[in-house]
Amino acid sequence: QVQLVESGGGLVQAGGSLTLSCSACGRTFSSYLMGWFRQAPGKEREFIAAISRSGGITNYADSVKGRFTISRDNAKTTVYLQMNSLKPEDTAVYSCAAGRGPSVVSTTTYDYWGQGTQVTVSS
């Protein structure tokens, strides 16, 4: 069992930056692939980024590549999402998730989800 709690969301102007954190409770954090997803009103949940168990491999959606960076600290059982050059279309509820694989972009890969944190980007 893994419990995930996101933090760091908020309101930011276009072009600004935010860093989201996802803290995990559970001794097996390092055995999970971690991902970030987002869901805007009226839209389906969208894959944003994923990071391998060791942190050595990362994957990004094309829409955020070059602007967002995912990282993890297994000692702190925390995964981060650094978001730069934010755009109004980045407005959504952002959720982290833990899973075993294999497909990093599929929601079915992930067994545990956080409640999400709202990110709003004003133009």
Side-chain angles (χ1 to χ4, degrees):
Q1 188 79 13
V2 177
Q3 293 182 324
L4 303 172
V5 179
E6 301 93 339
S7 62
L11 174 64
V12 64
Q13 288 188 332
S17 299
L18 280 175
T19 299
L20 305 183
S21 300
C22 172
S23 296
C25 291
R27 297 181 181 180
T28 58
F29 176 77
S30 62
S31 68
Y32 287 93
L33 161 73
M34 297 299 297
W36 283 98
F37 289 76
R38 69 186 181 189
Q39 187 167 22
K43 295 188 177 181
E44 293 188 353
R45 185 171 281 177
E46 173 190 18
F47 167 77
I48 295 302
I51 189 166
S52 63
R53 293 162 181 79
S54 67
I57 300 172
T58 56
N59 300 85
Y60 296 94
D62 287 343
S63 59
V64 306
K65 200 172 292 184
R67 299 189 298 124
F68 290 12
T69 302
I70 188 172
S71 60
R72 68 189 294 164
D73 186 332
N74 285 342
K76 295 183 178 179
T77 64
T78 301
V79 62
Y80 305 95
L81 186 69
Q82 171 70 44
M83 305 185 295
N84 298 326
S85 302
L86 284 161
K87 305 174 182 179
E89 51 263 43
D90 293 320
T91 295
V93 174
Y94 284 70
S95 301
C96 64
R100 302 285 192 180
S103 171
V104 301
V105 302
S106 172
T107 57
T108 60
T109 281
Y110 299 89
D111 302 308
Y112 304 102
W113 293 82
Q115 292 297 309
T117 185
Q118 176 71 46
V119 172
T120 302
V121 184
S122 63
S123 57

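Computed from a predicted model, the values in this text were never measured in an experiment.
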Verify the distance criterion only: is there a donor paired with an acceptor across the side chains of Gln13 and Ser122 at less than 3.5 Å? no
Check: Tyr80/Arg72 side-chain N/O donor and acceptor closer than 3.5 Å: no
Does the structure place the NZ or CZ of Arg53 under 6.0 Å from the centre of the six-membered ring of Tyr32, at an angle of no more than 45° from the ring's axis? no
Any carboxylate oxygen within less than 4.0 angstrom of a Lys/Arg side-chain nitrogen, looking at Asp90 and Lys87? no
Could you tell me if the ring centre of Trp113 sits under 6.0 Å from that of Phe37? yes
Say you draw a straight line from CG of Asn74 to CE of Met34; how long is it, rounded to the nearest 0.5 Å? 9.5 Å
Tell me, yes or no, whether the heavy-atom count around Glu89 atom CD, taken from other residues, nucleotides or ligands under 6.0 Å, exceeds 12. yes
Could you tell me whether Leu11 atom CG has more than 12 heavy atoms of other residues or ligands within 6.0 Å of it? yes
Using side-chain contact (heavy atoms from CB on, under 4.5 Å) as the criterion, point out the one residue from Glu44, Arg45, Glu46 that pairs with Thr107. Arg45
Do any N or O atoms from the side chain of Tyr110 and from the backbone of Val104 form a donor-acceptor pair under 3.5 angstrom? yes
I'd like to know if the side chain of Glu6 reaches the main chain of Leu20, judged simply by a donor and an acceptor atom lying under 3.5 Å from each other, with no hydrogens or angles considered. no
Separation between CD (Gln118) and CD (Gln39), nearest 0.5 Å, reads 11.0 Å
Donor-acceptor side-chain pairing of Arg100 and Ser31 below 3.5 angstrom: yes
